[in-house]
S.K.: 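Below: one structure in structure tokens.
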2 protein chains.
Amino acid sequence: MTETNECDHYDSRILAELQQDARITMAELGRRVHLSQPAVTERVRKLELSGVIKGYRAEVDLARLGYGIRAIIRVARAEYARVVRLIEQTPEVINAYNVTGDDSWVLEIAVIDVSHLDAVVTKFCILTETSTCIVLNAPRENAMVLPARRENIKPAIKKVTGK
Amino acid sequence: MTETNECDHYDSRILAELQQDARITMAELGRRVHLSQPAVTERVRKLELSGVIKGYRAEVDLARLGYGIRAIIRVARAEYARVVRLIEQTPEVINAYNVTGDDSWVLEIAVIDVSHLDAVVTKFCILTETSTCIVLNAPRENAMVLPARRENIKPAIKKVTGK
DNA sequence: CATGAAAGTAACTCTCG
DNA sequence: CGAGAGTTACTTTCATG
């Protein structure tokens, strides 16, 4: 299994378009990337099979669905299986990351209001220490990702490349 | 504008299906939720117009696109506009949350390797203090979200409701 | 319910090892 | 000359008034 599954320029264009709008037709996608409909369909099929495209999801507005508060909970080290089980039993958890460092877990949750937030935080407090902060706004969310290309990395201006 | 835009049971089913697979046809969606194809089409259109559905995106596999490391960077308080500008200039940032607390920002980033991680972290270090941890695994990612219903909240067992 | 567009299938062409 | 990828042509299914 190659890491960067030889994504050529067409595949990058296709991934960009589908990350912007996953519901465009294959015919329209073909027009945008300048390929015939069967050709893009085949490429998309391969991207799906190789696992580059994991799926297609509708993106919903949490506030409009009644979730007034988004929060980040950092959870200190605790028995791994217990945390995972608790996450599984907590639908309010949108994203759950097991991370390095003292805070073993970073959870992103959506709750209705403060009392709901209290209820969810308490569930994790029972396990171990937690630290909660509320999301005020999100200038970037689920940004588009293109195939990694080393030459795109802009180094910070810390080149102390003496010698 | 109502907060919880009167989502009935059909709308909930529709949102669930579209969050699982945003590319199903309206005909198929109709079959799954037991509505006629024009009926679901109209409902989806309204969910889009009301902003409940913000869009549809292909979900990609970061590792297969060449991003070997995902990390969370917590960034301490700094001039708001400067941070936003830096985020805008940093495509590695997948999600950026401005939050309450001492760490004003929580960033989720995708990088190729450690040296790339170094480059990105350094950009933010120049502004203010940061704290970085690496994502080891994610037991839950972009979980499905249904309309908030108060009766679904399971309170933690801390009911000290004496009197 | 009818019309036009899109998806899926098949046969053919082109290029590259 | 064979494998892979693209295009065109055609049928079925889907979207829209």
Side-chain angles (χ1 to χ4, degrees), chain A residues 1-61 64-65 142 144-152, chain B residues 5-66 142 144-147:
Chain A
M1 166 168 54
T2 53
E3 263 297 312
T4 303
N5 299 36
E6 357 97 34
C7 276
D8 65 5
H9 190 245
Y10 282 125
D11 287 335
S12 293
R13 295 274 316 265
I14 288 170
L15 288 172
E17 293 293 340
L18 287 178
Q19 282 178 86
Q20 273 161 38
D21 182 1
R23 275 192 71 83
I24 53 172
T25 64
M26 288 299 143
E28 175 59 24
L29 182 56
R31 268 171 236 128
R32 295 194 192 173
V33 306
H34 303 297
L35 279 175
S36 68
Q37 182 265 333
V40 288
T41 304
E42 179 61 13
R43 276 173 179 267
V44 169
R45 197 188 61 84
K46 282 180 183 166
L47 287 169
E48 289 168 356
L49 281 178
S50 70
V52 172
I53 295 178
K54 290 196 290 185
Y56 306 91
R57 356 180 61 274
E59 196 177 14
V60 297
D61 187 308
R64 281 186 224 271
L65 283 181
N142 278 118
M144 181 161 78
V145 179
L146 294 180
R149 304 184 64 237
R150 198 154 233 93
E151 55 272 35
N152 288 345
Chain B
N5 300 38
E6 357 98 34
C7 276
D8 66 4
H9 189 244
Y10 283 123
D11 287 336
S12 292
R13 294 276 317 266
I14 289 170
L15 288 172
E17 292 294 338
L18 287 178
Q19 282 179 85
Q20 273 163 38
D21 182 0
R23 276 193 68 84
I24 53 173
T25 64
M26 288 299 144
E28 175 60 23
L29 182 55
R31 271 172 233 127
R32 294 193 193 175
V33 306
H34 303 297
L35 279 176
S36 72
Q37 189 266 351
V40 290
T41 303
E42 180 60 12
R43 277 172 180 268
V44 170
R45 198 187 60 85
K46 281 182 184 163
L47 287 168
E48 289 168 357
L49 282 179
S50 70
V52 171
I53 295 176
K54 290 196 290 184
Y56 306 92
R57 11 182 47 276
E59 194 177 18
V60 298
D61 187 307
L62 294 174
R64 281 187 223 272
L65 283 181
N142 278 118
M144 181 161 77
V145 179
L146 294 180

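Proteins get letters first, then strands, A, B, ... in listed order; numbering begins at 1 in each.
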S.K.: Rounded to the nearest 0.5 Å, what separation is found between the CE atom of A:Met144 and the CG atom of A:Leu18?
M.R.: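 Answer rounded to 0.5 Å: 11.0 Å.
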S.K.: Grab the two heavy atoms, one from B:Ser12 and one from B:Pro147, that are nearest each other, plus how far apart they are.
M.R.: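 That would be OG-CG, 3.4 Å.
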S.K.: What one-letter contact string describes nucleotides 12-17 of chain C from 5' to 3', where B marks a base within less than 4.0 Å of any protein heavy atom, S marks contact via sugar-phosphate atoms alone, and - marks no contact?
M.R.: ------
S.K.: Can you list every pair that meets side-chain hydrogen bond (donor to acceptor under 3.5 Å, both in side chains) and has a residue in residues 17-30 of chain B, with sequence neighbours left out?
M.R.: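 Listed by first then second residue: B:Glu17-B:Arg32, B:Glu28-B:Arg31, B:Glu28-B:Arg32.
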S.K.: Using a heavy-atom cut-off of under 4.0 Å over every strand shown, decide if A:Arg31 touches base, sugar-phosphate, or nothing.
M.R.: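 It contacts sugar-phosphate atoms only.
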S.K.: Can you tell me how far apart CZ (B:Arg13) and CG (B:Leu29) are? Round to the nearest 0.5 Å.
M.R.: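 Answer rounded to 0.5 Å: 9.0 Å.
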S.K.: Between the opening five pairs and the closing five pairs of the helix from C:dC1-D:dG17 to C:dG17-D:dC1, how far apart are the helix axes, to 10°?
M.R.: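 Overall, the helix from C:dC1-D:dG17 to C:dG17-D:dC1 bends by 20° from one end axis to the other.
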S.K.: Do you know which two heavy atoms are closest between B:Ile53 and A:Ala58, and how far apart they sit?
M.R.: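 Closest approach of B:Ile53 to A:Ala58: CG2-CB, 4.5 Å.
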S.K.: Between B:Leu146 and A:Leu65, is any pair of side-chain heavy atoms under 4.5 Å apart?
M.R.: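 No - every pair of side-chain heavy atoms lies 4.5 Å or more apart.
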S.K.: Please list, in numerical order, the residues of residues 14-29 of chain B that have a heavy atom closer than 4.0 Å to any atom of DNA chain D.
M.R.: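 Heavy-atom cutoff 4.0 Å gives B:Thr25, B:Met26, B:Ala27.
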S.K.: Please tabulate, one pair per line, each protein N/O and nucleotide N/O from nucleotides 5-8 of chain D that are separated by under 3.5 Å, including the distance.
M.R.:
residue : atom : partner : partner atom : Å
D:dA5   : OP2  : A:Lys46 : NZ           : 2.9
D:dG6   : OP1  : A:Arg43 : NE           : 3.0
D:dG6   : OP1  : A:Arg43 : NH2          : 2.8
D:dT7   : OP2  : A:Ser36 : N            : 2.8
D:dT7   : OP2  : A:Ser36 : OG           : 2.5

S.K.: Give the minimum heavy-atom separation between B:Leu35 and B:Ala39, together with the two atoms involved.
M.R.: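 In terms of heavy atoms, the two residues are closest at CB-CB, 4.3 Å.
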S.K.: Ignoring hydrogens, what is the shortest heavy-atom contact between B:Tyr56 and B:Glu48? Give both atom names and the distance.
M.R.: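 So the minimum-distance heavy-atom pair works out to OH-OE2, 2.6 Å.
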S.K.: Under the side-chain contact (heavy atoms from CB on, under 4.5 Å) rule, collect the residues that match up with B:Asp61, sequence neighbours excluded.
M.R.: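 Testing B:Asp61 for side-chain contact (heavy atoms from CB on, under 4.5 Å), a comparison that skips the adjacent residues, returns A:Lys54, B:Ala63, B:Arg64.
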S.K.: Taking side chain as C-beta onward, heavy atoms only, is A:Leu49 less than 4.5 Å from A:Lys46?
M.R.: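 No, every pair of side-chain atoms sits at 4.5 Å or beyond.
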S.K.: Listing request: all side-chain hydrogen bond (donor to acceptor under 3.5 Å, both in side chains) pairs with a residue in residues 35-44 of chain A, at least two apart in sequence or in separate chains.
M.R.: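 For residues 35-44 of chain A, and leaving out neighbouring residues, the side-chain hydrogen bond (donor to acceptor under 3.5 Å, both in side chains) pairs sorted by first residue read A:Asp8-A:Arg43, A:Asp11-A:Arg43, A:Gln37-A:Thr41, A:Glu42-A:Arg45.
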